[in-house]
Protein chains: 2
Amino acid sequence: MTARVRLLLADDHPVVRAGLRAVLETEPDFEIVADVPTAEEAVRLAARGEADVVLMDLQFGGRMLGSQATAEITARPGGPRVLILTTYDTDADILAAIEAGATGYLLKDAPPQELATAVRTAAAGRSALAPTVALRLMDRLRTPASALSRRETEVLQLVAEGLSNAAVSKRLFLSQATVKSHLVHIYAKLGVDSRTSAVAAATARGLIRR
Amino acid sequence: MTARVRLLLADDHPVVRAGLRAVLETEPDFEIVADVPTAEEAVRLAARGEADVVLMDLQFGGRMLGSQATAEITARPGGPRVLILTTYDTDADILAAIEAGATGYLLKDAPPQELATAVRTAAAGRSALAPTVALRLMDRLRTPASALSRRETEVLQLVAEGLSNAAVSKRLFLSQATVKSHLVHIYAKLGVDSRTSAVAAATARGLIRR
DNA sequence: CCCGCGGTCAACCCTTCGGTTGATGCCGCA
DNA sequence: TGCGGCATCAACCGAAGGGTTGACCGCGGG
């Protein structure tokens with residue numbers, strides 16, 4: 001298994017790009033073909049077929065999301081594998097990335113060695129998950145109760161933005177009774193007993209955005 | 001101004017440490033004496049007087065906070081300058097760091113060149129702030145109305161974590177009347193009328209941590 | 001085919017929260 | 001020296017949110 005792995009790095013932090021270069025260039029079987037600061041450029045370069053694995057961040061200072069870029073890259077058959085490398089390990093992020101077709105999900109606090117083996121694993125087409133991430137997915141499968149329904153997520157999202165029950169009901173063309181009903185179910189699933197703690201719990205678990 | 005600058009790097013991400021090394025070692029007048037993965041070690045090494053500037057992250061995977069470490073390092077007279085290097089630019093973080101005695105506050109998306117000049121500025125004893133950070137501070141000075149007091153921020157932080165008024169009052173050893181009083185003032189300052197919208201507004205403006 | 005679940009709504013009761021008024025002590029600054 | 005902001009607390013009231021029960025519909029899987 002001495003196949004050379006051609007890498008494309010995508011991260012908006014110059015320091016992180018330099019760090020990844022420094023860490024991965026020491027591996028004799030790795031070749032870094034480019035490092036780019038935006039998701040758009042990652043998509044563009046990935047389409048050229050010069051890389052086997054794309055190491056990509058999820059957050060790119062505001063613009064296009066890493067998960068979006070991942071979807072575009074993996075949509076093209078014969079394209080490179082995508083390995084997500086991020087600081088966050090919330091459910092929403094992980095699921096979005098996996099649904100987008102990512103081959104692996106790593107956390108930035110991973111030791112260099114783990115990183116290198118994950119890259120080789122991904123290059124071989126097998127999935128590479130950080131232990132923390134794997135655990136989280138197991139949890140989710142074991143207790144599907146913690147998963148909110150689409151409508152519930154929609155309601156909670158608006159609540160998190162500060163809307164009252166009345167405001168939510170108007171926005172979603174519902175009666176206040178329905179909104180309250182949804183909230184009661186949400187509280188039960190999250191194991192809380194108020195709107196603010198529901199928002200806190202949901203953001204902590206990455207079920208809703210910000 | 002060819003004085004050599006001795007640097008100590010503190011960050012829990014191996015990749016970031018490697019990146020900082022790679023970026024800063026190219027500067028001929030810099031010398032990196034050590035890089036450590038914890039705030040505790042940063043404090044210990046800083047006390048040995050072998051560094052002029054400490055480049056430190058604020059978040060260290062759960063344990064001791066960078067602001068705490070900063071306070072301990074700067075408490076010792078004749079110690080090194082502390083330069084905060086983090087991903088976040090919320091008011092609370094910035095103020096905590098500056099109050100702890102940090103000489104500068106940089107964001108991780110800064111280009112390498114900016115980083116190097118900031119280090120030299122700090123070594124010379126002058127404060128070095130990222131443009132975004134400086135802007136935020138100016139804003140705060142210009143419109144002190146939007147700035148929450150220390151106590152108010154403390155209360156709102158707990159509210160954001162989902163605590164009820166009763167729970168907040170117990171946690172802070174206050175009466176519920178006081179908590180409500182603080183909240184009323186917070187609502188006025190943020191221009192909102194409920195706890196959830198206060199949390200939403202405050203997180204949007206970076207007044208509290210998430 | 002029917003059960004379960006998601007989504008919708010109503011009526012009810014009780015707790016908490018929101019808003020006001022008013023008061024005290026402390027500290028810094030003019 | 002006094003004003004104003006911060007922090008603390010009390011009492012009160014109305015409104016919003018929280019909790020329960022019960023009901024209806026549509027849809028998909030056993």
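Values in this document were obtained by computation on a predicted structure and should not be read as measured data. Naming: A, B, ... by sequence-line order, numbering from 1 per chain.
Residues of residues 170-181 of chain B having a heavy atom closer than 4.0 Å to DNA chain D, listed by number: B/L174, B/S175, B/A177, B/T178, B/K180, B/S181.
If you take NE2 of B/H182 and C1' of D/dG5, they are 13 Å apart, rounded to a whole angstrom. As a whole-Å value, the separation of A/N165 CG from D/dG17 P is 4 Å. Separating the CG atom of B/L148 from the P atom of D/dC6 is a distance of 10 Å, rounded to the nearest angstrom. Per the geometry, CG belonging to A/L156 stands 11 Å off P belonging to D/dG18, to the nearest Å. Look at CG on B/L183: it is 14 Å from C1' on D/dT8, rounded to the nearest Å. Distance, B/R195 CZ to D/dG17 P: 12 Å, rounded to whole Å.
Helix bend of the helix from C/dC1-D/dG30 to C/dA30-D/dT1: the angle between its two end axes, each built from five pairs, comes to 40° after rounding to 10°.
Tested against A/N165 for a side chain to side chain donor-acceptor pair (under 3.5 Å), the candidates A/K180, A/H182, A/R195, A/Q176 yield a single pass: A/R195.
Side-chain contact between B/F30 and B/V23 is absent, with no heavy atoms from C-beta onward closer than 4.5 Å. B/Q59 places none of its side-chain heavy atoms less than 4.5 Å from the side chain of A/T87. Counting heavy atoms from C-beta outward, B/L190 and B/L156 have side chains that approach closer than 4.5 Å.
Under the salt bridge (Lys or Arg N to Asp or Glu O under 4.0 Å) criterion, B/R17 pairs with B/D35, sequence neighbours left out. For A/A71, the side chain to side chain contact (heavy atoms under 4.5 Å, CB included) partners are A/A100, not counting sequence neighbours. A search for salt bridge (Lys or Arg N to Asp or Glu O under 4.0 Å) contacts involving B/E114 returns nothing, not counting sequence neighbours. Evaluation of the side chain to side chain contact (heavy atoms under 4.5 Å, CB included) rule for A/A167 yields A/L163, A/S164 as partners, not counting sequence neighbours. B/A130 pairs by the side chain to side chain contact (heavy atoms under 4.5 Å, CB included) definition with B/L107, B/V133, not counting sequence neighbours. Looking at residues two or more places apart in sequence or on another chain, you find a side chain to side chain contact (heavy atoms under 4.5 Å, CB included) between B/S181 and B/H185.
Annotation: salt bridge (Lys or Arg N to Asp or Glu O under 4.0 Å) contacts involving residues 51-60 of chain B, sequence neighbours excluded, comprise B/R6-B/D52, B/D57-B/K108. Listed by first and then second residue, the salt bridge (Lys or Arg N to Asp or Glu O under 4.0 Å) pairs involving residues 153-172 of chain A are A/R151-A/E154 (not counting sequence neighbours).
Among all heavy-atom pairs drawn from B/V54 and B/A46, the shortest one is CG2-CB, 4.3 Å.
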*For every nucleotide of nucleotides 23-30 of chain D, 5' to 3': is a protein heavy atom under 4.0 Å from its base (B), only from its sugar-phosphate (S), or from neither (-)?*
--------
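A 4.0 Å heavy-atom criterion places the boundary nucleotides of DNA chain C facing chain A at C/dG7 to C/dC12, written 5' to 3'.
With rounding to the nearest 0.5 Å, the separation of CD1 in B/I32 from CG in B/L9 is 5.0 Å.
Side-chain nitrogen and oxygen atoms of A/S194 include none within less than 4.0 Å of the OP1 or OP2 phosphate oxygen of D/dG17. In this structure, B/R151 reaches the D/dT8 phosphate: one of its side-chain N or O atoms is under 4.0 Å from OP1 or OP2. Contact annotation: A/Y187 side-chain N/O to D/dG19 OP1/OP2 distance is not under 4.0 Å.
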